[in-house]
Amino acid sequence: MGKDWWKKSVVYQIYPKSFMDSNGDGIGDLNGIIQKLPYIKKLGVDVIWLCPVYESPQIDNGYDISDYYQISELYGSMSDMENLIEESSALGIKIIMDLVVNHTSDQHRWFQEARKSKNSPYRDYYIWRDHPNELQSNFGGSAWTFDETTKQYYLHLFSKEQPDLNWENPKMRQEIWKMMNFWLDKGISGFRMDVIDLLGKVPDQMIKENGPHLHEYLQEMHQATFGTRNTMTVGETWGATVDNAHLFTDESRCELNMVFQFEHMQLDKQPGMHKWDLKELNLIDLKDVLSKWQDTFAEDGWNSLFWNNHDLPRIVSRWGDDKVYRKLSAKMLATLLHGMKGTPFIYQGEEIGMTNAYFDSIHDYPDIETQNMYKERISKGYPEKDIMASVQKKARDNARTPMQWEASKHAGFTQGEPWMKINPNYKEINVEKDLKDTESVFYHYQKLIRLRKENNLFIEGTYQLIDRDHPNVYAYKRVLGRQALLVVCNFYSKPALFEYQQKAPLEIQILLSNYKDSSKNINHLQLRPFEAVIYQLKE
Ligand code: GLC
Ligand code: CA
């Protein structure tokens, strides 16, 4: 196995709470994942990214960790975790875990000790000040909370139950390295690193992202933990730009393999405003942003490719059409993304075209971020119907409704009462149905993954955008020597014309399409609603 196996891999993200419940308590768990490994194998992915399963009071669904060395009882036991690693590995599937080290839970022993006294040996694991400044929490409100016992404020860039760790403290960093090595020794193959660009924060200067010492910490981490092992690392970086992303990912810097950048996922909000402030996506903006990221990593560094995760709404509801053209548009979006250069990530349910929830009541959206925003905006006098329109479009819970396995009660997710309401469309959209239908979204993803394995053009081909100004069609080439892939996607339900200016005569083959009878006449293509085709061209 080469050092860069992650360049040839496709990753499947699991949100354990909502994936599969094996014991009827309504909460997904590790044994549920083990039961579904054959399904994941059938899809063809090589890696599972497992969202946090550590001990946690679940204020932020496990992104508030109270013990890094324990598996939450909700999800099972350490031996279940060991079984999962072993059974996945037997199927040739690697596991990467979520590394949440910007903050802990306020129930973590370190914080419990730290808050007892200013002289606690753990005091300096966190960030304390006599006076708060204007810094805001990413979940709304001040980033500082007053702690009665010692009469100081502590920093939390997320909820007050998620105090920020002080990365300036070398002793604290040692503890993190130890913990990471513990999990690597258990046989996991790397980490997805939660809000990793926040580690270098300097609260007194109002710096959250990309602080001055961030890269020193990451280099130290690399050296002390995964650097000598054959792993995959991907950092979550909301603050990444094409200029600073190389600092994380260029091989010579010995930091991470890739980052999740979010520039493309922010094109449908009002500039400078919050994600809740909606705006239509402009396809040309999307082309510009994705192409810029493809170009920046043409030589050094590597892209992650994703539309979805547990923090983002469902892509088919967001930029596709989840009504009449659900299957066609889900396949188009998959094709557009998986044809690009980078490592594709699929979020659970995306592979069957799961949609946003469209619940009418705010009570059906338990997520802390959404709940806080709702209260804040109600108090500021926003009309409730506007708030709910944003929630239905953008809330993180749209991705967190339980996985739809079957048409039977509770979508086959649980025998008990599900912890979160199931999307009412589960009888229409579920795994069982997709597996029986050779034209399903599932088999389209399976084919995209297989093509990537069979055809090196997907991995190494250089990316070239075609016809940037076409308002409805996103088309690009991937070129390697005398061969190329041509990916043509009609992004909308309106028919569109695409014309390819070919210089020399070409041998043209269709590798994949979401219609049975797509044309090979690439000089003059009449594209139907959401039609998406991958051609292989040979000179
Ligand atoms: C990341 C996670 C998100 C979490 C936050 C705080 O953005 O993906 O789910 O709420 O960090 O840990
Ligand atoms: Ca369970």
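Values in this document were obtained by computation on a predicted structure and should not be read as measured data. Each residue takes its place number in the sequence, starting with 1. For ligands, and for the atoms within them, numbers begin at 1 and follow the listed sequence.
- Each of Phe158, Tyr154, Tyr153 was compared with His156 under the ring pair (Phe, Tyr, Trp, His ring centres under 6.0 Å) criterion, and only Tyr154 meets it.
- To the nearest 10 degrees, the angle centred on the Ca ion (ligand 2) between OD2 in Asp29 and OD1 in Asp21 reads 80°.
- For atom 1 (C) of ligand 1, the nearest protein heavy atom (residue, atom name, distance) is Asp194 OD1, 2.7 Å.
- The aromatic rings of His264 and Phe306 sit perpendicular to each other, their planes meeting at more than 60°, with 30° as the lower class boundary.
- Each of the atoms 3 (C), 4 (C), 9 (O), 10 (O) of ligand 1 lies under 4.0 Å from some heavy atom of Arg396.
- Heavy-atom distances between Glu369 and ligand 1 stay at or above 4.0 Å for every pair.
- Scanning the protein for heavy atoms near atom 10 (O) of ligand 1, the closest one is Asp60 OD2, 2.5 Å.
- Here's the thing with Trp238: none of its N/O atoms is less than 3.5 angstrom from an N/O atom of ligand 1.
- If you look at Phe139 next to ligand 1, the close heavy atoms, those under 4.0 Å, all belong to the side chain.
- Contacts with ligand 1 closer than 4.0 Å are made by side-chain heavy atoms of Arg400 only, the backbone lying farther away.
- The aromatic rings of His310 and Tyr63 sit parallel to each other, their planes meeting at less than 30°, with 60° as the upper class boundary.
- The single protein non-hydrogen atom nearest to atom 5 (C) of ligand 1 is Phe158 CE2, 3.8 Å, given as residue, atom name and distance.
- Nearest non-hydrogen protein atom to atom 8 (O) of ligand 1 is Asp311 OD2, 2.5 Å.
- Heavy-atom contacts from other residues, nucleotides or ligands closer than 6.0 Å to CD of Gln205 number 12 or fewer.
- Nearest protein heavy-atom neighbour of atom 7 (O) of ligand 1: Glu236 OE2, 2.8 Å.
- Take the Ca ion (ligand 2) as the corner point: the lines to OD1 of Asn23 and to O of Ile27 open at 150°, to the nearest 10 degrees.
- Taking the six-membered ring where tryptophan is involved, the planes of Trp167 and Tyr217 are tilted, since the angle between them lies from 30° to 60°.
- Cation-pi geometry between Lys433 and Trp405 is not met at under 6.0 angstrom from the ring centre and within 45 degrees of the axis.
- Annotation: cation-pi pair Lys394/Trp276 absent, no NZ/CZ under 6.0 Å from the ring centroid and within 45° of its normal.
- Taking every non-hydrogen atom of His103 and a distance limit under 4.0 Å, the qualifying atoms of ligand 1 come out as 6 (C), 12 (O).
- Close approach of ligand 1 to Val195 is summarised as follows: ligand atoms under 4.0 Å from at least one heavy atom of the residue are 1 (C), 7 (O), 11 (O).
- The cationic atom of Arg123 (NZ for Lys, CZ for Arg) lies less than 6.0 Å from the six-membered ring centre of Trp128 and within 45° of the ring axis.
- Inspection of the Glu216 and His213 side chains reveals an N or O donor paired with an N or O acceptor under 3.5 Å.
- The shortest non-hydrogen separation linking Lys201 to Glu168 is O-OE2, 4.5 Å.
- Minimum-distance N/O/S atom of Asp25 relative to the Ca ion (ligand 2): OD1.
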